[in-house]
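Here, residue 1 is the first one in the sequence, and each next residue gets the next number.
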Amino acid sequence: MLLTRLAGLAVARRRLVLVTTALFLALAGILGGGVAAELSGGGFDDPQSESVRAAQVLEEQFGAGAPNLVLLARAPQGVDDPAAVAAGTALAERLAQEDGVVEVVSWWTTGRPDSLKSRDGDAAVVMARLTGGDENAVDRVEELAPLYRGDFQGLDVSVGGQAQVFSEVGHTIERDILRAEAIAIPITMVLLVVVFGSAIAAGLPLLIGVLSILGTFLVLHLLAKTTDVSVYSVNLATSLGLGLGIDYSLFMVTRYREELARGRAAYDAVVETVRTAGRTVLFSALTVLLSLGALLVFPLYFLRSFAYAGVAAVVFAAIGAVVVLPAALAALGPRIDRFDLRRPVRRLLRRPEPRPAALDEGFWSRLARMVMRRPLPVATSVIALLLFAALPFGDVVFGLPDDRVLPKDAGAYQVSQTMREDFPGRESSALNVVAPSATGGSSAIGGYASELSQIDGVERVDSAAGTYVGGTAVAPGRADLAAGGGTYLKVIPSIESFGPEGERLVGDLRDVDSPIGPVLVEGQAASLVDTKASLKADLPLALGLIFGTTFLLLFLFSGSLLIPVKALVLNVLSLCATFGAMVWVFQQGNLTGLIGDPVVTGTLDTTIPILMFCVLFGLSMDYEVFLLSRIKEVWDATGDNRRAVAVGLQRTGRIVTAAAGLLAIVFAAFVSSDISFIKLLGLGTALAIVVDATLIRGLLVPAFMRLAGRANWWAPAPLRRLHDRFGLSEAPELGQDDPMPTETRVAAGV
């Protein structure tokens, strides 16, 4: 078999494998170690959406766009004091002279509109646009912010705007990664020692985890040179790389130690481990990979970036588990249990050496048999609990990330929050109605602007024909709003645009018949509407791919129709419960003081449930495969369904629980993040992993398999023949048909 030959090659060339791995780790660390600084903070828009196309027209035809730099200037004596007027005018004029800064407007230099001055009159804003795209804007704001922040001729200036938000998010993510690693790695190392008892055995999963992380960082570094990659994907690279590296290694090392305990020589133990556990690891990795790969269906590069990071992490973790780890095991041989901490502890406590347990003895076997004695009450109780936890998800309100993903003490958040609370208008959240080829002349533009200004939620409309409030012209037209035979109208909302009210406003604007030709609507609220529509359109395909490939793979693995259906239903139930808990905490604001008091907006980021679904569906299949592989081994050997479930759970319960606990800790470390939806991702994933490894695998799976009985393994005759021909059946035991020549084993030196 291929896996047997691969194991033999890894053992025979173990020094080459380990040296190559060390060199790769050094190269990946050097090139990819600083990858977070190379990535982008955006990616929440569909490039083909109306709002994005409108933004492109604004940039190319009118040289205009949404302001992405805001200077909030506070004047203790009031902004209309002569000294403050002089200082504010100088501030706006100085900013306008900076390279790459255009469209500077301020209360002091643009006719003193109320929307640019706070209600109490002690603060005003200067807004501008940094040219060159998001990446250039972030670089430029990092140069400008230190020059303008602080005292300016008696004004106290703070820096905000989208460019500053992206800048602060990037730096925050870098700190978050270091903090999460500082939390997760030491705790994980201690728990691995507890699980394995041996410091050497515990170090191997950590090695594969580091390999997966650095390998993924290198992939993201290379991808960033050719396409947009979201900086948020680095968090998944770290948590999933470390978690899966530990998961797969834990499974492999445990099987290797079992084979040694059975009296196999080190070579035979490595080959048998790769043949059995390695096969399961590769199959499990394929299910996780396909689930994460479904994110590529979506056009938002925020989600696609998580596919890049997730797929890379899975691939490196799997390669590490079936190539690098066997080489390390062969190099260590029986010495893997050196520095075994269990023996001195037992001597200290005067406890005897544990006797080898029978296959169906132990806590997990007893739990399985208890559940199978009363499967219906157990299943009903657990399902009721999960459905109760899922109830808040019915009240979910979706939004998109803005400055409020930052902590409350972040400068960019404080500037935006001040403008939301203290300023009468939403100048920085303006919606632009763009007509690339305007018809009808000034009268048509004026009539259109007048009609738009009467829509509920609109404060005013600026146009080339005049400024309109409530249907009435209050100021002359602006020549800068027309160019190249087209025009655009600036709609200043009076409501919070990043939410349900903003979505309604966009719909109302788009419903008005345009007398000046086809128009496109652009702005934050329009982006929210278009993004939700794009995700809704692509979600069925993504779910179809996930469900379809998972069903097919589990059928090929088990030969059963019922087992894949059971796995899909239980996974969806578990995920709905997790989503309900996340709405209860992050949207409704319950218990947020326990997780760092993030900003509660009353919405949940639209992309995060999709991301969590793909990540968690893959991880839950990971544990499903581990458990199913052992259950099927016993079923194939005995045909006894109850015994197969009890033995399978006993042989995997401890390892799955340990792996899930370690993976949950890795993700839970990101609750320490200062970015709110990274907190959400970390907490939600950790909670779902724990629920899956306990309530689902420990209770519902035994209950359902007991209720189904022999039907668990049924398939129609045509599908049974299909499985017999193409299914993933077990390889022959080593010794029965060992395809590795004796000379190869001698060359391996084992």
Side-chain angles (χ1 to χ4, degrees), residues 3 6-7 10-11 13-26 28-29 181 184-215 240-261 264 266-278 280-282 284-285 313-342 622 626 654-656 658-663 665-666 748 750:
L3 280 178
L6 179 64
V11 171
R13 301 287 185 266
R14 56 188 178 275
R15 291 184 180 85
L16 177 62
V17 170
L18 295 176
V19 170
T20 302
T21 301
L23 293 174
F24 175 80
L25 287 173
E181 289 176 345
I185 291 179
I187 295 176
T188 299
M189 189 62 197
V190 170
L191 292 179
L192 282 170
V193 172
V194 172
V195 170
F196 283 114
S198 162
I200 292 179
L204 294 176
L206 207 57
L207 167 66
I208 304 305
V210 171
L211 169 66
S212 182
I213 292 173
L214 293 181
L240 198 61
L242 182 60
L244 287 181
I246 290 172
D247 249 15
Y248 297 158
S249 302
L250 191 61
F251 197 63
M252 295 284 288
V253 172
T254 299
R255 187 66 179 239
Y256 174 70
R257 294 171 82 179
E258 288 179 6
E259 298 304 328
L260 288 180
R264 292 187 188 272
Y267 169 84
D268 290 345
V270 171
V271 173
E272 182 66 6
T273 296
V274 175
R275 187 190 69 84
T276 54
T280 303
V281 163
L282 288 180
S284 171
V314 172
V315 169
F316 280 109
I319 291 174
V322 300
V323 177
V324 178
L325 189 59
L329 293 174
L332 289 170
R335 291 172 297 178
I336 190 173
D337 285 327
R338 288 189 64 183
F339 307 113
D340 191 334
L341 305 179
R342 294 169 296 183
D622 190 34
F626 287 169
R654 179 175 176 271
I655 186 174
V656 166
L662 291 166
L663 188 59
I665 287 171
V666 171
V750 181

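If you take CG on L25 and CD1 on I213, they are separated by 10.5 Å, rounding to the nearest 0.5 Å. For the atom pair CG (L325) and CD1 (I319), the distance works out to 13.5 Å, reported to the nearest 0.5 Å. One finds the OG1 atom of T280 at 9.5 Å from the CE atom of M252 (value rounded to the nearest 0.5 Å). To the nearest 0.5 angstrom, R264 atom CZ is 11.0 Å from E258 atom CD. Rounding to the nearest 0.5 Å places CG of L250 at 8.5 Å from CD1 of I246. The CG atom of L329 lies 7.0 Å from the OG1 atom of T273; values are rounded to the nearest 0.5 Å.
Residues Y248 and V281 share a closest heavy-atom pair of CG-CG1, 3.7 Å. Here the closest heavy-atom approach between residue L663 and residue G243 is recorded as CD1-CA, 3.0 Å. The minimum heavy-atom distance linking P326 with G320 is given by the pair CD-O, 4.3 Å. The minimum heavy-atom distance linking V323 with V17 is given by the pair O-CG1, 4.0 Å. Closest approach of R335 to I200, counting heavy atoms only: O-CD1, 3.7 Å. Closest non-hydrogen pair, R14 versus A330, comes out as CD-CB, 3.7 Å.
Contact annotation: the side chain of L207 never approaches that of L211 to less than 4.5 Å [non-hydrogen atoms, C-beta and beyond]. In this structure, the side chains of L204 and S249 stay at 4.5 Å or more apart for every pair of heavy atoms. L260 has its side chain within reach of I336: a pair of non-hydrogen atoms, C-beta onward, lies under 4.5 Å apart. Taking 4.5 Å as the limit, some side-chain heavy atom of L206 sits within range of a side-chain heavy atom of L242.
The backbone N or O of T254 lies less than 3.5 Å from no partner atom in the side chain of R257, so there is not a single donor-acceptor pair. Judged by distance alone, with hydrogens and angles left aside, the side-chain atoms of S212 form no donor-acceptor pair with the main-chain N or O of I208 at under 3.5 Å. The backbone N or O of G333 lies less than 3.5 Å from a partner atom in the side chain of Y256, making a donor-acceptor pair.
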